[in-house]
Amino acid sequence: MPELPEVETVVRDLRPQLTGRRLIAIHSSKAQLRRHWPIRAIRHLIQARIASLHRRGKWIVVLCDDGQGIRFHLGMTGQLTVVPGSEPLPDHLHWWAELDNGYQWRFRDIRRFGSVEWFAHGQEALAELDRKLGPEPLNLPSGHLKAVAAQSQRCLKAVLLDQTIIAGVGNIYADEALFEAALHPARLARSLQTSEWDRLQRAVRRVLRRAIAARGSTIRNYVGGSGLQGRYQQRLNVYGREGLPCLHCGHPIVRQYLAGRSTHYCAYCQR
DNA sequence: AAGTCTCCCTGAGTGC
DNA sequence: TGCACTCAGGGAGACT
């Protein structure tokens with residue numbers, strides 16, 4: 001399940017493999033993804049040269065030197081990789097581009113929750129994300145969470161998952177950050193003290209930084225841009241550990257359905 | 001307006 | 001072994 005650390009890893013892996021490369025041919029499958037890939041986009045992108053790769057929240061935007069852009073979302077099972085063109089095409093491949101060095105840039109997505117979009121003006125793809133997403137959690141303005149959520153009637157889990165509040169946190173890292181901050185996921189946002197907001201904000205940043213350093217978490221299908229799996233799943237404190245002893249106090253980890261997602265926490269450590 | 005629910009999708013896991 | 005069933009969840013849009 002790609003969240004910010006996984007998407008960041010993909011972008012870092014792809015950047016040296018794609019930057020400066022020219023697109024020779026583009027193919028897209030008939031299976032419908034969450035967004036329609038316009039057929040005319042292929043004609044426009046042929047011979048375009050890739051200039052830069054960007055991550056915003058869980059989104060990836062690739063800009064070409066003529067201003068065009070391609071925007072990806074990995075959804076649940078999306079995989080964006082660059083492989084030698086001689087490698088056989090896998091199943092669930094939805095979009096792929098032939099590069100000028102004989103490699104192929106591939107987007108594979110088993111569950112098709114992901115998306116590929118073409119933009120005549122790639123900067124607009126980024127601007128649109130800036131309009132609808134909250135700030136990046138790795139450099140949040142201090143006091144941001146309190147400023148935007150202190151009046152909210154929602155629980156903390158819902159606040160962390162809301163991409164308009166902070167961009168890039170998903171189910172795994174929301175649970176991990178709440179454990180790190182020793183805050184109960186069902187706590188109402190409006191009940192938090194300033195010091196608790198600060199603790200939560202620091203915890204989010206710490207958890208994400210550590211996860212990026214470990215190349216993210218591979219729960220089922222995630223792989224980085226070079227096809228490598230992540231390692232952070234070995235360091236998760238609560239996510240996926242229902243019934244197992246809390247690594248801090250030994251009480252069993254509880255799982256509860258919250259904000260539409262299964263939520264894991266230690267009822268003893270997180271009040 | 002703010003918050004919650006439903007839907008999309010497929011493979012893995014479970015129980016009989 | 002085979003089959004039916006459940007579960008996983010990001011984001012869009014419908015609904016309360």
Side-chain angles (χ1 to χ4, degrees), chain A residues 1-11 29-37 55-61 71-80 90-95 107-117 125 128-134 136-137 145 147-178 185-191 204 208 211 216-223 229-230 232-233 236 238-244 253-265:
Chain A
M1 294 123 214
E3 303 179 25
L4 188 151
E6 290 77 26
V7 179
E8 178 65 26
T9 300
V10 168
V11 169
S29 77
K30 294 202 168 53
Q32 220 25 261
L33 291 170
R34 291 182 63 79
R35 301 201 186 208
H36 186 60
W37 169 261
R55 179 192 59 73
R56 182 71 173 86
K58 303 173 193 171
W59 299 81
I60 297 170
V61 175
R71 185 167 74 181
F72 297 90
H73 195 291
L74 302 181
M76 291 283 298
T77 51
Q79 301 173 341
L80 207 47
D91 53 359
H92 307 297
L93 188 64
H94 299 297
W95 183 97
F107 180 63
R108 175 174 188 252
D109 186 4
I110 297 169
R111 281 186 224 173
R112 287 194 264 150
F113 276 28
S115 61
V116 190
E117 298 162 274
E128 190 185 295
L129 294 177
D130 278 335
R131 283 195 295 273
K132 74 178 177 190
L133 297 179
E136 287 292 318
L145 281 181
V148 298
Q151 309 301 320
S152 171
Q153 313 238 31
R154 301 153 88 187
C155 67
L156 293 179
K157 178 68 181 263
V159 166
L160 290 183
L161 290 180
D162 187 337
Q163 302 299 297
T164 69
I165 291 178
I166 43 171
V169 176
N171 204 35
I172 298 173
Y173 299 108
D175 284 3
E176 293 298 312
L178 285 164
R187 269 282 291 280
L188 286 185
R190 57 190 297 177
S191 77
V204 168
L208 293 177
S217 307
T218 294
I219 304 295
R220 281 188 189 160
N221 297 289
Y222 165 76
V223 291
Q229 299 199 339
Y232 198 71
Q233 67 277 7
L236 296 175
V238 286
Y239 183 85
R241 298 194 66 247
E242 182 187 12
L244 297 173
I253 299 299
V254 178
R255 183 162 73 121
Q256 180 187 339
Y257 203 65
L258 211 54
R261 295 291 175 255
S262 84
T263 300
H264 311 72
Y265 61 96

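So that the names make sense, note that chain A is the first sequence line, chain B the second, and so on, each numbered from 1.
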- Query: Can you find a heavy atom in the side chain of V116(A) that is under 4.5 Å from one in the side chain of H94(A)?
  - Reply: no
- Under 3.5 Å, is there a donor-acceptor pair between the side chain of N171(A) and the main chain of S262(A)? yes
- Item | Nearest-angstrom distance from the residue atom CZ of F72(A) to C1' of dG10(C) | 17 Å
- Item | Atom-pair distance (CE on M76(A); C1' on dG9(C)), nearest Å | 4 Å
- Regarding D175(A) and H264(A), is there a side-chain donor-to-acceptor distance under 3.5 Å anywhere? yes
- Query: Just how far, in rounded Å, is C1' of dC7(C) from CD1 of I110(A)?
  - Reply: 16 Å
- Message: Going by side-chain contact (heavy atoms from CB on, under 4.5 Å), name the residues that satisfy it together with A174(A), two or more places apart in sequence or in a different chain.
- Response: K157(A), L160(A), L161(A), V169(A)
Do any N or O atoms of the protein come closer than 3.5 Å to N or O atoms of nucleotides 11-13 of chain C, and which pairs are they?
| from | atom 1 | to | atom 2 | distance (Å) |
| --- | --- | --- | --- | --- |
| dG11(C) | OP1 | H73(A) | NE2 | 2.4 |
| dG11(C) | OP2 | K58(A) | NZ | 3.4 |
| dG11(C) | N2 | R34(A) | NH2 | 3.4 |
| dG11(C) | N3 | R34(A) | NH2 | 3.3 |
| dA12(C) | OP1 | R35(A) | NH2 | 2.6 |
| dA12(C) | OP1 | K132(A) | NZ | 3.2 |

- Would you mind reading off the distance between Y257(A) atom OH and dT6(B) atom C1', rounded to a whole angstrom? 10 Å
- Message: From CG of L258(A) over to C1' of dC5(B), roughly how many Å is that when rounded to an integer?
- Response: 14 Å
- Query: Under 30°, 30 to 60°, or over 60°: which ring-plane class applies to W95(A) and F72(A), parallel, tilted or perpendicular?
  - Reply: perpendicular
- Query: Considering residues at least two apart in sequence or located in another chain, which fulfil the side-chain hydrogen bond (donor to acceptor under 3.5 Å, both in side chains) criterion with R241(A)?
  - Reply: none
- Atom CG of L188(A) and atom P of dT4(B) are separated, to the nearest Å, by 9 Å
- Determine: side-chain N/O of R112(A) to OP1/OP2 of dT10(B), distance under 4.0 Å, yes or no. yes
- Whole angstrom value for the distance that separates C1' of dG9(C) from CZ of R111(A): 7 Å
- Message: Please list, in numerical order, the residues of residues 150-160 of chain A that have a heavy atom closer than 4.0 Å to any atom of DNA chain B.
- Response: S152(A), Q153(A), R154(A)
- What is the distance from NE2 of H94(A) to P of dC9(B), rounded to the nearest Å? 11 Å
- Between Y173(A) and A211(A) the two heavy atoms that sit nearest each other are CE2-CB, 3.5 Å
- Message: Need one value for S115(A): base, sugar-phosphate or nothing, where a base atom within 4.0 Å counts as base even if backbone is also close, heavy atoms only.
- Response: nothing
- Look only at the side chain of E136(A) and the backbone of G57(A), and say whether a donor-acceptor pair between them is shorter than 3.5 Å. yes
Restricting to nitrogen or oxygen on both sides, can you table the protein-nucleotides 4-6 of chain C pairs closer than 3.5 Å?
none

- Task: Measure the acute angle between the ring planes of H73(A) and W59(A), then classify it against the limits of 30° and 60° as parallel, tilted or perpendicular.
- Result: perpendicular
- Query: By side-chain contact (heavy atoms from CB on, under 4.5 Å), which residues pair with A125(A), not counting sequence neighbours?
  - Reply: V61(A), R71(A), F119(A)
- When you measure from the side chain of E3(A) to the backbone N and O of K58(A), does any donor-acceptor pair fall under 3.5 Å? no
- Task: For dG9(C), take OP1 and OP2 only and decide whether either is under 4.0 Å from a side-chain N or O of Y239(A).
- Result: yes
